[in-house]
Amino acid sequence: MEGALTVAATTLTVPALGTATTTVTLDPKGLTLGVYTGVVTATADDVQLRTPAGAVREAPKATLTIHTLGRDGKPYSPWGQDTIDVAGNKGLVGGTLLTAVGTTVTRVPQGVLSVAQVLDWIGDDDRYNLGFLFQPEITVTGDTEITLDARKLSEVRFTTPKPAEPLNNSVTFAYQRTAANGSPYMGALSTNQPIGAWARLWANPTEKVTHGKFRFHTRFTLGQAEVAMSVGRRGDVLHPAAPRTASTCTACTNRAPSPTSGRSSERKSSR
């Protein structure tokens with residue numbers, strides 16, 4: 001902080017059993033963003049009095065409001081959100097508040113930020129759905145409002161020359177956002193829902209970022225299904241029975257077809 005601190009009176013006279021004061025002023029104009037420490041030293045003969053001084057120069061802050069829409073176009077609350085300071089040095093920004101259904105508010109440093117939200121739902125076909133909504137590059141110069149729309153999600157699919165399904169029910173998927181200064185941040189989720197066979201995974205396409213790097217990735221080990229089921233000529237669509245969880249599910253129903261007769265039995269669970 002050398003040069004940023006000035007002392008009103010550089011010489012003081014302290015009476016016996018008395019005190020003397022002066023004023024130290026910090027001028028932040030010449031300081032870049034960051035944390036600063038220093039000391040003010042008063043000397044009298046061989047006695048020194050050292051007073052610590054410090055300052056934090058932060059970027060101006062603003063309010064980032066995100067409106068999230070579900071697959072039906074109505075407000076829908078995500079169950080997770082990451083906000084990352086991409087251009088600065090704040091890293092992961094906390095303090096996000098859910099102020100209304102489908103609306104989050106976060107105080108953020110002005111600059112370039114990245115936002116990721118996670119939401120889930122049960123579809124009309126009773127299948128579990130997990131969606132990632134990304135906006136990896138947002139320029140904030142003042143209070144800002146954006147909308148993340150789940151109707152823009154695309155399903156993550158895989159195809160193979162021969163029919164194949166994931167060989168296990170534990171799948172991990174993640175995104176990585178690298179800030180402009182090279183600091184990497186990653187968010188990851190795992191689920192015991194068999195993606196493809198029962199659950200469906202979604203993510204929205206994004207533009208290429210200009211600050212740092214961004215990627216969304218997952219990996220499946222595929223193989224031939226262990227069990228094949230059919231129901232003759234009835235034309236019913238069968239899915240392997242699997243446990244399901246979802247924040248929006250209050251009374252879920254699984255239909256587990258019998259491999260011997262092709263009939264369906266019903267199992268209900270409440271959360």
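It should be emphasised that the depicted structure is a prediction, and the values quoted were computed from it without experimental measurement. For reference, positions follow the sequence shown, starting with 1.
- Of the candidates Phe132, Phe134, Tyr185, Phe134 is the only one forming a ring-ring contact (aromatic ring centres under 6.0 Å, His included) with Tyr175.
- Listed for the Ser77 side chain is no donor-acceptor partner under 3.5 Å among the backbone atoms of Val101.
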Could you give me the CA-CA distance, side-chain angles and deciding distance for Lys29 and Asp27, then say whether salt bridge (Lys or Arg N to Asp or Glu O under 4.0 Å) is met?
CA-CA 6 Å; Lys29 292 181 180 178; Asp27 183 1; 5.2 Å; no

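- For the side-chain contact (heavy atoms from CB on, under 4.5 Å) with Val115, the qualifying choice from Thr106, Ile138, Thr104 is Ile138, the only one to do so.
- Scanning all heavy atoms of the two residues, the minimum distance from Arg127 to Ala199 falls at NH2-O, 4.0 Å.
- Ion pair Glu137/Arg177 flagged as a salt bridge, since at least one NZ, NE, NH1 or NH2 atom sits closer than 4.0 Å to an Asp/Glu carboxylate oxygen.
- Following chains of ILVMFWY side-chain contacts shorter than 4.5 Å, one can reach Val156 starting from Ile122, so the two form part of one hydrophobic cluster.
- In terms of heavy atoms, Ala55 sits closest to Leu26 at CB-CD2, 3.4 Å.
- Cluster membership for Leu98 and Leu69, using ILVMFWY side-chain heavy atoms within less than 4.5 angstrom, is not shared.
- In this structure a side-chain-to-backbone donor-acceptor pair under 3.5 Å is present from Asp72 to Lys74.
- From Thr144, atom OG1 reaches atom CD of Gln110 across 8.0 Å, with rounding to the nearest 0.5 Å.
- A donor-acceptor contact closer than 3.5 angstrom links the side chains of Arg107 and Thr63.
- Looking at every heavy atom in both residues, Leu31 comes nearest to Ala4 through CD2-CB, 4.2 Å.
- Contact between Gly88 and Asn181 at its shortest, heavy atoms only, is O-ND2, 3.8 Å.
- Within the model, atoms OG1 of Thr206 and CZ of Phe214 stand 5.0 Å from one another, a figure rounded to the nearest 0.5 Å.
- With 3.5 Å as the limit, one finds a donor-acceptor pair spanning the side chains of Thr68 and Gln117.
- By the 4.5 Å side-chain criterion applied to Ile, Leu, Val, Met, Phe, Trp and Tyr, Val56 is assigned to a cluster that also includes Val35.
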Using the rule given for side-chain contact (heavy atoms from CB on, under 4.5 Å), can you reason through Val105 versus Leu64, listing the C-alpha separation, both sets of side-chain angles and the distance that settles it, and then say yes or no?
CA-CA 6 Å; Val105 174; Leu64 175 62; over 6 Å; no

Which is it for Trp202 and Leu130 under the side-chain contact (heavy atoms from CB on, under 4.5 Å) test, yes or no, and what are the steps along the way?
CA-CA 6 Å; Trp202 305 75; Leu130 183 66; over 6 Å; no

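- Contact between Ala203 and Phe216 at its shortest, heavy atoms only, is CB-CE2, 3.9 Å.
- Put simply, OH on Tyr76 and CG on Leu148 are 14.5 Å apart, with the number rounded to the nearest 0.5 Å.
- Between the CG atom of Leu113 and the NZ atom of Lys90 there is a distance of 12.0 Å, given to the nearest 0.5 Å.
- Contact check for Pro109 versus Val93: side-chain heavy atoms found under the 4.5 Å cut-off.
- Around CZ of Arg151, the count of heavy atoms belonging to other residues, nucleotides or ligands within 6.0 Å exceeds 12.
- At distances below 3.5 Å, not a single donor-acceptor pair connects side-chain atoms of Thr43 with backbone N or O atoms of Gln48.
- For Thr103 and His67, the side-chain atoms include at least one donor-acceptor pair closer than 3.5 Å.
- Taking the ring centre of Trp121 as origin, the terminal cationic atom of Arg200 falls outside the region bounded by 6.0 Å and 45° from the ring axis.
- Listed for the Thr96 side chain is no donor-acceptor partner under 3.5 Å among the backbone atoms of Gly94.
- When side chains are defined from C-beta on, Ile146 counts as touching Gln135, because their heavy atoms get closer than 4.5 Å.
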Chi angles and distances behind the side-chain contact (heavy atoms from CB on, under 4.5 Å) call for Val140, Val108
CA-CA 9 Å; Val140 175; Val108 299; 4.3 Å; yes

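- Between Leu92 and Asp82, the closest side-chain pair of non-hydrogen atoms falls below 4.5 Å.
- Here the closest non-hydrogen pair linking Ala150 and Arg71 is O-NH1, 2.9 Å.
- Residues Phe173 and Leu201 form a side-chain contact, since some pair of their non-hydrogen atoms from C-beta on lies under 4.5 Å apart.
- Atom-to-atom distance recorded for Thr178:OG1 and Met186:CE is 11.0 Å, nearest 0.5 angstrom.
- Side-chain contact check for Gln81 and Thr83: at least one donor-acceptor pair (N or O, by modelled atom type) lies under 3.5 Å.
- The distance from atom CG of Leu133 to atom CG of Asp149, rounded to the nearest 0.5 Å, is 8.0 Å.
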